[in-house]
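One structure is given here, and the rest of the page talks about it.
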Amino acid sequence: MKKIGIIGGGFMGMTLGHKLAKAGASVQVFERSSQVGGLATWEDYGSFTFDRFYHVILPGDQFLLDIIRDLGIEDRLVWQQTYTGYYVNEQFYDMSTSMDFLKFPPLGMFSKGRLALTILRGSRISDWKSMEQMTIEEWLVKIGGRNTFEKFWKPLLLAKLGENYKRVSAVFIWTYIKRLFEARDSSSAERAEHMGYVSGGYKTVFDAMTASVESHGGTIHTNAAVTQIEPAPEGGMLVHTEAGSTHFDKVIFTSPVNVLQKVAAPGLIEVQQDGREVEYLGVVCMVLKTTRSFTPYYVLNLADDKVPFTGVIGMSTLVDKADTGGYELTYFPKYVLSTDPILQKSDEELSEWFIQGVKSLYPDLKSEEIVEAHINRAFKVQPLQVLNYSDIVPKSKTLHPDMYVVNTSQFVNDTLNNNSVARHIHKFLEAHQKSLLSEQPETTHQL
């Protein structure tokens, strides 16, 4: 039985642990935090636990759905009809159906037609590489026209990226259009307007993955920061933590490249960069636990730069109250560069600022209806896909047959969501599972 060490206990590392343990390997997963999950981990909200950041499953997320089925928790999947809104000029508008688009007052009929054309064209593009050479604005104006850009797209881009949108390539918007269009196109008629979640949130998923690894004799180590990875004299790899050293036949590294460069022994990996640094978006996300609902939308897109957050996610429009202790959960994310001072503000400062913004949108929400406000933050959510981003991404090549690297830094033409991660895991295992479990090694591995 092959002994495999997996560095990183996020969704990628835990999924690999489950699949390789099920395939017959002896697996150990090392996670530096106190609980597994990474960006998909959970939060204690007092009377219940649920996702720390917001997540949703689309009907077309087939790779993610395959994992859920493989874990034996398909019966925990819940599908619900959801609605989308758009806030502009201090007005709320429904944007859930084609008819809602046709009724959208800020755009005239011609601009609405150009908007529909933009979404259709974006869904059919396969040559993403050429889109890296155009900014979002250049591409959206070319397809949809200046008026549609100024009145519909620009406010959303400012809310999501700030002035950074001027430096971002058209690949950014294409990935979102493509995922949503594919999800709608692959869904059944009755689920065309539906989204899904796993009852209990992603904690249910990670509990099932942990149980899978442990039932096959594996181990999940938390609070276990890896300090070094090096080749073992007798073959295989040594993984060092503060608790000691462990020998493995194979090691798979799933954490970011900058962490890999710190812990990999000299000569173990080769990282090719063109000299430019990858910039990352971070997020501050306030989660309000309230006694009543105040938004009918799962997603409310905000085209108002006076509001401190970049969207409103009405989680309780999707999630049954049995999963949230009878309370309502609403998420308020704000995306900024990972170097933005906002990420360093105290929880108290951010809560006060965000709640003022909530009350400006929903003046009928009373302070006594707010039970708790949780501030969660992540410094590296996704790379900023600037022009020619694929040339900037570090190319990692392992120089030892028992060392493998697979992580999200290589997502150059994809949105960062759990279905995308599941797709990359599927491709990785198609290419390497045989060598991971057999006695015949590969020579090097490059992503």
Side-chain angles (χ1 to χ4, degrees), residues 4 6 8-25 27 29 35-42 49-51 53-82 178-218 220 252 254 298 315 318-320 322-323 406 408 411 414-434 436-437:
I4 299 177
I6 297 173
F11 185 76
M12 180 174 282
M14 290 295 290
T15 301
L16 283 167
H18 154 66
K19 286 188 170 292
L20 289 170
K22 190 175 178 181
V27 171
V29 178
Q35 61 190 45
V36 298
L39 288 172
T41 197
W42 62 90
T49 59
F50 205 73
D51 301 339
F53 301 102
Y54 58 95
H55 303 279
V56 71
I57 301 171
L58 300 181
D61 288 347
Q62 289 306 315
F63 290 94
L64 176 56
L65 291 169
D66 284 345
I67 289 172
I68 290 170
R69 283 188 280 269
D70 192 46
L71 288 168
I73 55 173
E74 187 178 11
D75 61 332
R76 303 291 297 274
L77 268 172
V78 181
W79 297 98
Q80 182 67 263
Q81 186 171 8
T82 55
K178 193 169 187 291
R179 182 184 183 225
L180 291 172
F181 194 93
E182 284 179 346
R184 169 70 66 83
D185 190 52
S186 62
S187 64
S188 62
E190 67 271 16
R191 286 188 179 172
E193 298 293 333
H194 284 57
M195 294 184 179
Y197 76 101
V198 175
S199 181
Y202 267 92
K203 186 176 189 301
T204 299
V205 177
F206 290 116
D207 284 349
M209 288 178 174
T210 299
S212 172
V213 171
E214 292 178 347
S215 70
H216 291 91
I220 309 296
I252 307 173
T254 71
Y298 174 73
M315 188 59 66
L318 171 66
V319 175
D320 192 286
D323 280 308
V406 54
T408 58
F411 287 23
D414 217 343
T415 57
L416 183 55
N417 59 75
N418 286 332
N419 188 63
S420 297
V421 174
R423 182 188 297 114
H424 280 259
I425 292 168
H426 178 79
K427 291 180 179 178
F428 173 80
L429 290 177
E430 273 193 331
H432 301 296
Q433 181 167 322
K434 186 176 180 180
L436 281 164
L437 300 175

Quiz item: Taking the side chain as C-beta and beyond, is there a heavy-atom pair between I425 and V406 under 4.5 Å?
Solution: no
Quiz item: Y202 and N418: side-chain donor and acceptor closer than 3.5 Å?
Solution: yes
Quiz item: Given T82 and H194, is the side-chain contact (heavy atoms from CB on, under 4.5 Å) satisfied, shown in steps?
Solution: CA-CA 6 Å; T82 55; H194 284 57; over 6 Å; no
Self-check item: Contact check, side chains of L65 and N419, non-hydrogen atoms, under 4.5 Å
Solution: no
Quiz item: Side-chain donor-acceptor pair under 3.5 Å between H18 and D70, yes or no?
Solution: yes
Practice problem: Would you check if I67 and K19 make a side-chain contact, meaning some heavy-atom pair closer than 4.5 Å? | Solution: yes
Quiz item: Do L77 and I68 have side-chain heavy atoms sitting under 4.5 Å apart?
Solution: yes
Exercise. First locate atom NE2 of H424, then atom OG1 of T15, and finally report the distance between them rounded to the nearest 0.5 Å.
Key: 13.5 Å
Quiz prompt | V198 and V78, any side-chain heavy atoms less than 4.5 Å apart | solution = no
Self-check item: side-chain hydrogen bond (donor to acceptor under 3.5 Å, both in side chains) between D51 and Y197, worked out
Solution: CA-CA 11 Å; D51 301 339; Y197 76 101; over 6 Å; no
Quiz item: Is there side-chain contact between F206 and F11, with at least one heavy-atom pair below 4.5 Å?
Solution: yes
Self-check item: Contact check, side chains of L16 and I252, non-hydrogen atoms, under 4.5 Å
Solution: yes
Practice problem: State, to 0.1 Å, how close F428 and L436 come at their nearest heavy-atom pair, and which atoms those are. | Solution: CE2-CD1, 4.1 Å
Quiz item: Do S420 and N417 have side-chain atoms, one donor and one acceptor, less than 3.5 Å apart?
Solution: yes
Quiz prompt | T210 side chain reached by M14 side chain, heavy atoms, under 4.5 Å | solution = yes
Quiz prompt | Backbone of W42 reached by a side-chain donor or acceptor of T49 within 3.5 Å | solution = no
